[in-house]
Amino acid sequence: MGEQPIFTTRAHVFQIDPTTKKNWVPASKQAVTVSYFYDLTRSSYRIISVDGAKVIINSTITPNMTFTKTSQKFGQWADSRANTVFGLGFSSEQQLTKFAEKFQEVREAARMARDKSQDKIETSSSLSQASSINGTDDEKASHAGPADKHLKSENDKLKIALTQSAANVKKWEMELQTLRESNARLSTALQESAASVEQWKRQFSICRDENDRLRRKLEELEEQCSEINREREKNSQLRSRIEALETELRDKETELKDLRKQSEIIPQLMSECDYVSEKLEAAERDNQNLEDKVRSLKTDIEESKYRQRHLKVELKSFLEVLDGKIDDLHDFRRGLSKLGTDN
């Protein structure tokens with residue numbers, strides 16, 4: 001009938017690091033099926049787990065094995081034949097408890113099977129010794145009696161049992177050879193797994209370096225983004241300043257247009273100023289002539305005071321009027337000079 005599964009669960013599989021004997025090395029990338037198998041022909045139990053086409057657990061349960069819970073979701077056991085320690089990580093404490101209980105049950109069954117096998121071997125050995133002591137079948141036949149016939153029958157049964165035991169021994173040897181080959185394959189798979197772990201470590205180191213490089217690049221990009229934001233703020237301030245300058249420029253252009261319009265009036269004003277200047281010069285000449293006449297008149301007055309007495313009042317009035325006109329002319333001249341200076 002071969003091996004039959006008697007219990008199945010899922011867990012993450014680990015093996016102890018063969019170098020440090022302390023760290024756990026993942027044997028599976030994800031949770032895989034872990035099963036208990038029972039071999040009826042050999043009365044043996046094994047824990048087997050396969051990840052794809054790769055056997056990651058092939059552990060025969062012996063009475064000396066112990067399953068230990070190291071945490072709420074993790075347990076381990078040592079396999080001296082595989083020269084390693086297996087670890088299982090479960091998704092819940094309930095699954096770990098069921099697996100541990102099944103391990104205890106299977107270990108007790110393995111112990112009972114071992115004890116029965118030892119009893120059979122001891123019985124077969126004792127009967128074989130008794131058969132050799134009692135002599136050959138021919139000798140017993142010559143002294144045959146009812147008890148001897150019964151003993152002969154028992155010896156025949158024992159011979160058959162011994163024959164079957166020999167056949168079982170050969171079968172066990174074949175199974176042992178198969179196990180040795182399986183263990184060799186498992187050792188090769190373990191070495192491949194170790195090589196894969198080293199490769200994963202190198203890849204992890206490469207990924208970590210790449211991650212550090214990307215983190216530095218991200219920091220540089222963040223710094224560049226900060227500089228861009230600062231430049232944007234500066235550009236916004238410059239844009240506001242440009243708008244203010246454009247408004248001021250429009251105001252200046254408007255003022256310039258007004259000045260240009262006013263500059264068009266300047267030639268006319270200059271022309272008027274020249275006309276007024278000519279008038280002023282004519283008035284000054286007239287004033288000079290009048291002053292000369294006044295001096296002449298004063299001389300005439302001094303010479304002919306006696307003639308001027310009756311004209312004194314009239315002359316005085318005339319002089320006052322004349323002085324007022326002169327002051328007006330001076331004021332008018334100063335006004336024209338001021339107007340020319342302003343233009």
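Since this is a predicted model, take the numbers as computed values, not measurements. Excluded from the calculations below are hydrogen atoms, water molecules and symmetry mates; all remaining heavy atoms, backbone and side chain alike, are included.
- The distance from the CG atom of D286 to the CD atom of Q288 is 10.5 Å, given to the nearest 0.5 Å.
- Rounded to the nearest 0.5 Å, atoms CG (N64) and OG1 (T66) are 8.0 Å apart.
- F74 shares a hydrophobic cluster with F14, I16, W24, V85; the chain of contacts runs through ILVMFWY side chains whose heavy atoms sit under 4.5 Å apart.
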Donor-acceptor contacts under 3.5 Å from residues 215-235 side chains, at least two apart:
{"unit_1": "R215", "atom_1": "NH1", "unit_2": "D212", "atom_2": "OD1", "d": "2.9"}
{"unit_1": "S226", "atom_1": "OG", "unit_2": "E222", "atom_2": "O", "d": "3.0"}
{"unit_1": "N229", "atom_1": "ND2", "unit_2": "C225", "atom_2": "O", "d": "3.2"}
{"unit_1": "N235", "atom_1": "ND2", "unit_2": "E231", "atom_2": "O", "d": "3.2"}

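- Atoms NE2 and OG, on H12 and S49 in that order, are 11.5 Å from each other to the nearest 0.5 Å.
- Contacts of R285 classified as side chain to side chain donor-acceptor pair (under 3.5 Å), with partners at least two apart in sequence or in another chain: none.
- Remark: L280 CG to H330 NE2 distance equals 9.5 Å, nearest 0.5 Å.
- Here the shortest heavy-atom pairing between R107 and T62 reads CG-O, 3.5 Å.
- The shortest distance between side-chain heavy atoms of V13 and L88 falls below 4.5 Å.
- Taking every heavy atom of both residues into account, S43 and A113 meet most closely at O-CB, 3.6 Å.
- Applying the salt bridge (Lys or Arg N to Asp or Glu O under 4.0 Å) rule to pairs touching residues 95-106 yields K102-E105, sequence neighbours excluded.
- Between L96 and Q72, the shortest heavy-atom distance links the atoms CD2-O, 3.3 Å.
- In this structure, the separation between CG on D51 and CD1 on I57 is 10.5 Å, given to the nearest 0.5 Å.
- Listed here is the closest heavy atom pair of Y45 and A109: OH-CB, 3.3 Å.
- In this structure N23 satisfies the side chain to side chain donor-acceptor pair (under 3.5 Å) test with no other residue, sequence neighbours excluded.
- Qualifying salt bridge (Lys or Arg N to Asp or Glu O under 4.0 Å) partners for R10, counting only residues two or more places apart in sequence or in other chains: none.
- Under the side chain to side chain donor-acceptor pair (under 3.5 Å) criterion, T68 pairs with no residue, sequence neighbours left out.
- Apart from I206 itself, the hydrophobic cluster it occupies contains nothing, where clustering links Ile, Leu, Val, Met, Phe, Trp and Tyr at side-chain heavy-atom distances under 4.5 Å.
- Taking NZ of K293 as the reference point, atom CG of D300 lies at 12.5 Å (rounded to 0.5 Å).
- Between Q15 and F86 the shortest side-chain heavy-atom distance falls below 4.5 Å.
- Between the side chains of D79 and S59, at least one donor N or O sits under 3.5 Å from an acceptor N or O.
- For residues 237-256, the set of pairs meeting the side chain to side chain donor-acceptor pair (under 3.5 Å) definition, not counting sequence neighbours, comprises T247-R250.
- Considering every non-hydrogen atom in both A78 and M65, the closest pair reads O-CG, 3.9 Å.
- Taking both residues in full, the closest heavy atoms of T97 and K69 are given as OG1-NZ, 3.5 Å, listed atom of the first, atom of the second, then distance.
- For E210, the side chain to side chain donor-acceptor pair (under 3.5 Å) partners at least two apart in sequence or on another chain are R213.
- Y36 meets the ring-ring contact (aromatic ring centres under 6.0 Å, His included) test with F7, F99; sequence neighbours excluded.
- One hydrophobic cluster, built from ILVMFWY side chains closer than 4.5 Å, holds both I6 and L40.
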Pairs of donor and acceptor atoms involving the side chains of residues 316-329, under 3.5 Å and at least two apart or interchain, shall be tabulated with distances.
{"unit_1": "S317", "atom_1": "OG", "unit_2": "V313", "atom_2": "O", "d": "3.2"}

